[in-house]
Engineer: 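Just dropping this structure here.
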Amino acid sequence: MAKLPILVAPDPRLAKKSAPVLAVDDGIRQLMDDMLETMYAAPGIGLAAPQVGELKRVIVLDIAPEGEAPAPLRMANPEIVWVSDDDAEYNEGCLSVPEHYADVVRPASCVVKYLDENNQQREITAEGLLATCVQHEIDHLDGVLFIDHLTSLKRNIILRKLLKAKKTGAGGVPA
Ligand code: GNR
Ligand code: NI
């Protein structure tokens with residue numbers, strides 16, 4: 001396992017559409033495990049491959065509360081095949097948008113079809129935090145960040161602060 005560096009916005013790689021995985025093989029399984037290690041270390045509850053510079057449709061999640069048994073989910077080519085009519089608002093953050101949080105409205109529940117770590121097709125119904133998180137991660141695969149759901153005014157304020165932090169080297173690991 002290896003902990004990977006996480007890209008911080010603005011970065012052109014975070015705005016790109018990621019490519020489908022042909023099959024979940026040893027290379028993709030290794031990527032999933034490295035992403036989980038990176039996510040737990042951050043710490044975070046989800047991570048998408050483009051956040052570690054791999055433009056592949058792979059995400060990992062674990063919404064188990066701290067102190068409870070880990071419950072990692074590994075997904076390739078996740079696809080939302082149903083969303084509820086009712087919405088939920090959640091105060092979202094993102095490891096690629098460090099130290100910024102904002103309320104985002106998304107469908108409250110969804111059904112996601114994906115390939116698991118054994119290349120088996122699966123489907124889950126997600127509600128609550130898992131529904132929010134899996135939609136946030138699938139957005140990353142399409143080059144969309146949670147700040148893209150905000151008004152351009154709010155988004156630009158955050159992007160300018162992130163750019164300034166990058167230029168002064170504040171808050172992060174030296175490049
Ligand atoms: O760790 C994370 N927490 C979080 C909180 C609310 C909504 C979404 C998330 S995902 C985020 C990790 C991350 O950036 N995943 O892409
Ligand atoms: Ni994110």
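Treat the numbers as computed from the prediction; the structure is a model and nothing was measured. Keep in mind that the numbers below use all heavy atoms, side chains included, and drop hydrogens, waters and symmetry copies. Whatever order the structure lists ligands and atoms in, that order sets their numbers, starting from 1.
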Engineer: Is a donor from one side chain sitting under 3.5 angstrom from an acceptor on the other, for Ser109 and Glu127?
Structural biologist: no
Engineer: Under 3.5 Å, is there a donor-acceptor pair between the side chain of Asn156 and the main chain of Leu153?
Structural biologist: no
Engineer: Just the protein N/O/S atoms under 2.8 Å from the Ni ion (ligand 2), please, no waters.
Structural biologist: Cys94 SG, His136 NE2, His140 NE2
Engineer: Just to verify, what does His140 make a ring pair (Phe, Tyr, Trp, His ring centres under 6.0 Å) with, not counting sequence neighbours?
Structural biologist: His136
Engineer: Are there any N/O pairs under 3.5 Å between ligand 1 and the protein, and if so, what are their distances?
Structural biologist:
residue, atom, partner, partner atom, Å
ligand 1, 1 (O), Ile45, N, 3.0
ligand 1, 14 (O), Gln51, NE2, 3.3
ligand 1, 14 (O), Leu95, N, 2.8
ligand 1, 15 (N), Gly46, O, 3.1
ligand 1, 15 (N), Glu137, OE1, 3.2
ligand 1, 15 (N), Glu137, OE2, 2.7
ligand 1, 16 (O), Gln51, OE1, 2.8
ligand 1, 16 (O), Gln51, NE2, 3.4
ligand 1, 16 (O), His136, NE2, 3.2
ligand 1, 16 (O), Glu137, OE1, 2.7
ligand 1, 16 (O), Glu137, OE2, 3.1
ligand 1, 16 (O), His140, NE2, 2.9

Engineer: Using a strict 4.0 Å threshold on nitrogen-to-oxygen distance, state whether Arg29 and Asp34 make a salt bridge.
Structural biologist: no
Engineer: Asp33: which residues meet the salt bridge (charged side-chain N to carboxylate O under 4.0 Å, His left out) condition with it, sequence neighbours left out?
Structural biologist: Arg74
Engineer: For Asp62 and Tyr40, does a side-chain donor sit closer than 3.5 Å to a side-chain acceptor?
Structural biologist: yes
Engineer: When you check the side-chain N and O atoms of Asp139 and Gln135, is any donor under 3.5 Å from an acceptor?
Structural biologist: no
Engineer: Other residues, nucleotides and ligands only: do more than 12 of their heavy atoms fall within 6.0 Å of CG on Asp25?
Structural biologist: yes
Engineer: Would you call Arg106-Glu92 a salt bridge at under 4.0 Å N-O?
Structural biologist: yes
